[in-house]
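Working notes for the structure below.
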Amino acid sequence: MRKAILLAREARNKGEVPVGAVLVRDGDLIGEGFNCPIGSADPGAHAEMIALRQAGRALGNYRLPESTLYVTLEPCPMCAGAMIHARVRRVVFGAPDPRSGSAGSVMDILRCDRLNHRCEVSSGVLRAECAGLLIDFFKARRLVDN
């Protein structure tokens, strides 16, 4: 999670919502990313999606079984769906997302028994630090916007 937090800070420094993600399998980092939808003009450029894409390219397979994704913010529906398709085994997140969280806050796509795969979910890892990045980012944006 510490590496994901460093990536979230990189996103913040580029003016993006500070979210970072790392994907690990067998103790090896196989993908990483930070939010960059603004700079890339790509609505799918969420930290998790970038980490999943990078891992898929590195391994030559879109399926990523036995992997664990660490992300600073609870995944949105798009990212949760991609994790299901990739067969990610476990998702660990820091801060909950009360607006679009899809690992239990608003909905629970990652553990939905109607889908063909479910992820183990651990939440609240370094929650205060992860949430603090987001709180500070949006507080500063509101000051600029006013």
Side-chain angles (χ1 to χ4, degrees), residues 1-112 115-141 144:
M1 188 62 82
R2 293 265 177 227
K3 173 69 173 169
I5 290 170
L6 290 174
L7 291 164
R9 288 185 180 129
E10 194 169 338
R12 176 200 61 204
N13 294 344
K14 295 178 182 286
E16 303 278 356
V17 175
V19 179
V22 296
L23 192 63
V24 176
R25 187 168 78 180
D26 298 326
D28 296 323
L29 178 69
I30 58 173
E32 65 181 44
F34 58 84
N35 268 15
C36 61
I38 298 166
S40 65
D42 178 358
H46 289 196
E48 304 97 317
M49 298 296 287
I50 293 166
L52 290 168
R53 288 175 184 143
Q54 190 179 89
R57 284 192 301 269
L59 299 176
N61 193 339
Y62 74 102
R63 297 288 168 109
L64 305 167
E66 302 308 315
S67 63
T68 299
L69 188 126
Y70 296 87
V71 60
T72 57
L73 180 65
E74 182 179 2
C76 73
M78 173 184 68
C79 294
M83 290 171 210
I84 294 295
H85 287 295
R87 306 297 193 267
V88 170
R89 182 179 61 82
R90 183 172 177 230
V91 176
V92 179
F93 70 87
D97 184 348
R99 293 181 183 256
S100 65
S102 296
S105 290
V106 176
M107 60 193 90
D108 201 349
I109 292 171
L110 292 176
R111 294 177 287 202
C112 178
L115 299 175
N116 63 335
H117 176 77
R118 281 160 292 293
C119 300
E120 296 172 29
V121 175
S122 299
S123 62
V125 175
L126 299 176
R127 178 182 179 156
E129 192 170 350
C130 293
L133 283 167
L134 292 156
I135 291 165
D136 292 346
F137 176 81
F138 285 110
K139 191 182 295 183
R141 290 223 16 206
V144 170

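This is a predicted model, so every value here is computed, not measured.
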Qualifying residues under side chain to side chain contact (heavy atoms under 4.5 Å, CB included), relative to [X], sequence neighbours excluded:
{"X": "Ala95", "result": "Leu73, Cys130, Ala131, Leu134"}
{"X": "Asp42", "result": "Ser40, Ala45, Arg53"}
{"X": "Arg89", "result": "Glu66, Thr68, Glu120"}
{"X": "Arg9", "result": "Ile5, Leu6, Arg12, Glu129, Leu133"}

Minimum heavy-atom distance [X]-[Y], with the two atoms named:
{"X": "Ile30", "Y": "Arg25", "result": "CD1-CB, 3.9 Å"}
{"X": "Ile50", "Y": "Cys36", "result": "CD1-SG, 3.5 Å"}
{"X": "Asn35", "Y": "Ala47", "result": "OD1-N, 2.8 Å"}
{"X": "Ala21", "Y": "Leu7", "result": "O-CD1, 3.4 Å"}
{"X": "Pro37", "Y": "Pro43", "result": "CB-CA, 4.3 Å"}
{"X": "Glu74", "Y": "Gly104", "result": "OE2-N, 3.2 Å"}

Inset, instruction - Answer yes or no: is there a donor N or O on one side and an acceptor on the other, between the side chain of His117 and the main chain of Met83, under 3.5 Å? - result: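 Not a single qualifying donor-acceptor pair exists.
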Legend entry - Main-chain N/O of Asp28 paired with Asp26 side-chain donor or acceptor, under 3.5 Å: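 It does not hold such a pair.
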Legend entry - 4.5 Å side-chain heavy-atom contact, Val19 and His46: no
Inset, instruction - Among Leu64, Val24, Leu52, find the residue that satisfies the side chain to side chain contact (heavy atoms under 4.5 Å, CB included) test when tested with Leu69. - result: Leu52
Legend entry - Option among Cys79, Cys119, Ser67 that satisfies the side chain to side chain contact (heavy atoms under 4.5 Å, CB included) test with Val91: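 With Val91 as partner, side chain to side chain contact (heavy atoms under 4.5 Å, CB included) holds for just one option, Cys119.
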Inset, instruction - Not counting sequence neighbours, list each pair that qualifies as a side chain to side chain donor-acceptor pair (under 3.5 Å) and has a residue in residues 93-104. - result: Asp97-Ser100
Inset, instruction - Measure the spacing between SG of Cys112 and CE of Met107 and express it to the nearest 0.5 Å. - result: 11.0 Å
Legend entry - Atom pair OH/CG of Tyr70 and Leu126 - distance to nearest 0.5 Å: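 Answer rounded to 0.5 Å: 11.0 Å.
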Holding to salt bridge (Lys or Arg N to Asp or Glu O under 4.0 Å), I want the full list of residues that pass it with [X], two or more places apart in sequence or in another chain.
{"X": "Glu16", "answer": "none"}
{"X": "Arg111", "answer": "Asp108"}
{"X": "Arg127", "answer": "none"}
{"X": "Lys3", "answer": "Glu32"}

Inset, instruction - Please test Ile84 against Asn116 for side-chain contact (heavy atoms from CB on, under 4.5 Å), starting from the C-alpha separation and ending with a verdict. - result: CA-CA 8 Å; Ile84 294 295; Asn116 63 335; 4.0 Å; yes
Inset, instruction - Just jot down the side chain to side chain donor-acceptor pair (under 3.5 Å) partners of Ser122, sequence neighbours excluded, or say none. - result: Arg90
Inset, instruction - Check whether more than 12 heavy atoms from other residues, nucleotides or ligands sit under 6.0 Å from atom CZ of Arg2, and answer yes or no. - result: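 For Arg2, atom CZ is not crowded (no more than 12 foreign heavy atoms under 6.0 Å).
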